[in-house]
Structures are given as structure tokens and as C-alpha cells.
Amino acid sequence: MNYWLLKSEPSVFSIDALAAAPRKTTHWEGVRNFQVRNMLRDDFKKGDLGFFYHSSCAEPGIAGIVEVVRTGYPDASAWDSRSEYYDAKSTENKPLWYCVDVKLVRRTKQIITLDMLRMHAETQLKSMLLLRRGNRLSVTPVDESHWKFVLSLE
DNA sequence: GCCAACGTTGGC
DNA sequence: GCCAACGTTGGC
């Protein structure tokens, strides 16, 4: 079983929006980066857990925990010409982009902020991809040791 | 296959 | 709004 960190801008899709969604589940759609696509398509397994991370906002940090409930399948938003995620290079016969479904397990007791994580960037969270300079991937794998340590910060 | 230009991410 | 970082594109 794998652990992940999924970034979302709360102004676009927040933990509140996920909590309010039917079955507290959402399509993790709109990924248009090949590295991330490959992870969604090939590496996400049912039952994997992920941190739901708020990015590009006043208080960046981990807001909740999600579970993978459906593994990679073609992202239909790519062939919807009305979608902001439309991509003419992807078709139903030859899908280019993939998504997964995730379900909210629970909110964290408070936002585990980027600042809190950074305090351990040279010790327990050394090599955590989120904290690596220049990292911009919207989905990153999380080591089990990092996962457990982050939760101990709650 | 190289690499400059361009676009995007995301913290600040 | 700035800008560092880096992925993508496209001419050659």
C-alpha cells in the first residue's frame, strides 16, 4: 500500500467541498502533467491513503486524509470541449490523461501547515518531496516513515 | 536530439 | 504581483 500527497487549491476545490460531495468522493481530474499522470494511471492502488494538501492559499498545509477508492481511468474532462481541462490531443479511443477517485477519510485535527512540516525538513522529514526545493508536482509519493511522522504532528 | 522560448506552479 | 524552478513545445 502506498501513501501520497495530493495538492488542491482550496479556491478551486477545498476540503470543505470534498466533505460536501456525494459519498465524500471526487474524481481527481484535471491533471495535465505526464509524471503525475503516470502515477495516477500506474501506481495508485485501491486503499492507498493520501494527504489532502491546500496549496496557493493563505495557510498552505495538509487539511485531511483521503483514500483511493477507484484506480486510474481515463479523465473524461480532457475530451469535454466545455471543460477548462479540455485537451484536443486526448480522445475516448486514445485517452491521454487519467484520473482516480478519492474519498475523504477524515479531516486532520488542524491544518498541518507547510511551516510545521518545514521545521522538520532537515530531520524527520528529510527528503520529503513536498519540501524539496523547486518541487511543483501536484501529486507526490510519501514515504511511510514521513506519513507517520506527519500524523504525529497533529 | 538540442535548446531557447514559453507556460505553469506555488510560496511569499 | 514577483519570481524561482522546471515541464513542455517546436524550430533546427
Side-chain angles (χ1 to χ4, degrees), chain A residues 2-21 26-44 48-66 68 71-102 104-143 145-147 149-154:
Chain A
N2 309 300
Y3 297 98
W4 305 98
L5 183 139
L6 308 175
K7 294 182 189 172
S8 185
E9 298 183 28
S11 62
V12 177
F13 190 77
S14 68
I15 193 92
D16 290 338
L18 179 59
T26 189
H27 312 295
W28 204 264
E29 63 180 16
V31 165
R32 299 292 178 266
N33 169 285
F34 288 105
Q35 285 184 57
V36 175
R37 178 208 61 185
N38 293 346
M39 288 189 269
L40 293 177
R41 186 189 60 190
D42 306 331
D43 301 334
F44 270 58
D48 285 359
L49 296 176
F51 288 132
F52 187 105
Y53 179 91
H54 279 169
S55 66
S56 292
C57 58
E59 193 175 38
I62 292 164
I65 295 172
V66 297
V68 176
T71 55
Y73 63 99
D75 181 349
S77 70
W79 55 68
D80 175 1
S81 60
R82 293 159 307 171
S83 169
E84 61 178 313
Y85 302 126
Y86 177 68
D87 182 350
K89 295 191 295 297
S90 184
T91 65
E92 294 192 48
N93 287 333
K94 281 193 77 175
L96 184 60
W97 303 112
Y98 284 73
C99 61
V100 298
D101 287 357
V102 299
L104 180 65
V105 175
R106 66 173 176 90
R107 296 170 191 260
T108 47
K109 291 169 193 152
Q110 76 281 351
I111 303 276
I112 303 172
T113 63
L114 182 58
D115 281 348
M116 290 168 65
L117 299 174
R118 284 234 170 93
M119 289 198 289
H120 309 280
E122 298 303 322
T123 52
Q124 288 93 338
L125 298 181
K126 202 171 174 67
S127 81
M128 188 177 183
L129 289 173
L130 174 74
L131 303 178
R132 214 176 56 180
R133 194 170 143 82
N135 165 60
R136 300 175 313 147
L137 293 181
S138 62
V139 171
T140 50
V142 174
D143 291 348
S145 62
H146 293 158
W147 177 272
F149 181 76
V150 168
L151 287 179
S152 77
L153 297 175
E154 266 191 305

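First the proteins, then the strands, lettered A, B, ... as listed; each starts at 1.
Contacts classified as side-chain hydrogen bond (donor to acceptor under 3.5 Å, both in side chains) and involving residues 7-18 of chain A (residues at least two apart or in different chains) are given here: D16(A)-R107(A). Residue pairs satisfying the salt bridge (Lys or Arg N to Asp or Glu O under 4.0 Å) criterion with at least one member in residues 110-125 of chain A, sequence neighbours excluded, are listed as follows: E122(A)-K126(A). Evaluation of the salt bridge (Lys or Arg N to Asp or Glu O under 4.0 Å) test over residues 27-40 of chain A, restricted to residues two or more places apart or in two chains, returns R32(A)-D75(A).
The shortest side-chain heavy-atom distance between L129(A) and L137(A) does not fall under the 4.5 Å cut-off. With a 4.5 Å cut-off on side-chain heavy atoms, L18(A) and F13(A) count as touching. Counting only heavy atoms from C-beta outward, the side chains of I112(A) and L117(A) approach each other to under 4.5 Å.
Partner of F44(A) under the ring pair (Phe, Tyr, Trp, His ring centres under 6.0 Å) criterion, out of W28(A), Y3(A), W4(A): W4(A) alone.
Contact annotation for R118(A): backbone-only contact, meaning every heavy-atom pair under 4.0 Å involves sugar-phosphate atoms and none involves a base. Backbone-only contact: S55(A) has heavy atoms under 4.0 Å from sugar-phosphate atoms and none from a base.
DNA chain B is contacted by L114(A) of residues 107-116 of chain A, taking any non-hydrogen atom closer than 4.0 Å. Residues from residues 2-13 of chain A placing a heavy atom under 4.0 Å of any atom in DNA chain B, listed by number, are K7(A).
On the nucleic acid side, DNA chain B has its first and last nucleotide under 4.0 Å of a heavy atom of chain A at dG7(B) to dC12(B), going 5' to 3'.
For the residue pair D101(A)/Y73(A), the side-chain donor-acceptor check at 3.5 Å is satisfied.
The six-membered or imidazole ring of W97(A) lies near that of F34(A), with a centre-to-centre distance under 6.0 Å.
Aromatic ring orientation, F51(A) versus W147(A): parallel (interplanar angle below 30°, classes split at 30° and 60°).
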